[in-house]
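So the structure is just underneath, and the comments pick up after that.
Bear in mind that the values here come from a model prediction, so they are computed numbers and not experimental data.
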Amino acid sequence: MKDGARPVSIVVYSDYVCPWCYVGAAVVDRLAAERPTSVEWRPFFLRPDTPPEGMRLSAEMQARMGPAHERLRTMAAEAGLPMVFPDVIPNTRRALEATEYARVQGRHEPFHRAVAHGYYGEGLDVNAWAVLGSAATEVGLDATEMRRQVDAGAFRIALDQSIAEARDIGVTAVPTYVIDGR
């Protein structure tokens, strides 16, 4: 960390199905290692049209994504991150609401990273309660209470408000980085 450097405020809008968000965390980590930072990960529901059971990618779509996947694999390897590309895109609303539970409990960032790793590091379905519960337990959260509150809708409004705020400032894709308010 550089002495006397002005702290940088970073807000990162992301969704778990965004591979650039997963590898982009390493960029944020490098910046944080170089200078004082305040980082806040905010939700953005990238694919609200995804059905609850997820959406299988066609072989044609997977082939078209091949060059981007190779670039992402290289970036992930450089960051020391495992990278897989599941052939099913999950609906992430439940995961994003569970992440808001983690935020309230003061465990947002480690939970966020655990869920992102579950999807792009291991190919797990981050809409599944077993996956979310495992991530919760891993970071010291009560998985049963998280599920109870998310199922009861305790974080729907907070998630919707956060997404609306993102749209209000012009977020249309992720990752979007807001650095020092810009």
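Listed by first and then second residue, the ring-ring contact (aromatic ring centres under 6.0 Å, His included) pairs that reach into residues 131-153 come to none, sequence neighbours excluded. The ring-ring contact (aromatic ring centres under 6.0 Å, His included) analysis of residues 39-58, with sequence neighbours excluded, yields the pairs W41-H112. Each side-chain hydrogen bond (donor to acceptor under 3.5 Å, both in side chains) pair with one or both residues in residues 45-59, not counting sequence neighbours, appears once here: R56-D87.
Partners of E100 by side-chain hydrogen bond (donor to acceptor under 3.5 Å, both in side chains), not counting sequence neighbours, listed by chain and number: R103. Listed by chain and residue number, D125, V131 satisfy the side-chain contact (heavy atoms from CB on, under 4.5 Å) test with A128 (two or more places apart in sequence, or in another chain). Evaluation of the side-chain contact (heavy atoms from CB on, under 4.5 Å) rule for R182 yields no partner, not counting sequence neighbours. In this view, T92 and D15 satisfy the side-chain hydrogen bond (donor to acceptor under 3.5 Å, both in side chains) rule, not counting sequence neighbours. In this structure, F111 has no ring-ring contact (aromatic ring centres under 6.0 Å, His included) partners at least two apart in sequence or on a different chain.
Taking the side chain as every heavy atom from C-beta outward, S38 and P7 never approach each other to under 4.5 Å.
Note: E40 CD to Y13 OH = 7.5 Å, rounded to the nearest 0.5 Å. Here the straight-line distance linking atom CG of N127 with atom CD1 of I89 works out to 13.0 Å at 0.5 Å rounding.
Listed here is the closest heavy atom pair of A95 and V115: CB-CG1, 4.4 Å.
Note: the hydrophobic cluster containing L46 does not contain V88 (ILVMFWY, side chain heavy atoms under 4.5 Å, direct or indirect links).
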Throw together a table of side-chain donor-acceptor distances under 3.5 angstrom for residues 61-72, partners on residues two or more places apart or in other chains.
residue	atom	partner	partner atom	Å
Q62	NE2	L57	O	3.1
E70	OE2	R73	NH1	2.9

N/O donor to acceptor pairs below 3.5 angstrom from side-chain atoms of residues 21-30, sequence neighbours left out:
residue	atom	partner	partner atom	Å
Y22	OH	P82	O	2.7
D29	OD1	R113	NH2	2.5
D29	OD2	R113	NH1	3.0

Please report, to 0.1 Å, the donor-acceptor pairs under 3.5 Å made by any side chain of residues 155-172, with sequence neighbours excluded.
residue	atom	partner	partner atom	Å
D160	OD1	R93	NH1	3.0
D160	OD1	R93	NH2	2.8
D160	OD2	R93	NH2	3.4
S162	OG	R42	NH2	2.8

Listed pairs under 3.5 Å, donor-acceptor, residues 132-142 side chains, sequence neighbours left out:
residue	atom	partner	partner atom	Å
T137	OG1	G133	O	3.0
D142	OD1	T144	N	3.0
D142	OD1	E145	N	2.9

- CA sep, side-chain torsions, deciding dist, call: V84, Y119, side chain to side chain contact (heavy atoms under 4.5 Å, CB included): CA-CA 8 Å; V84 298; Y119 187 62; over 6 Å; no
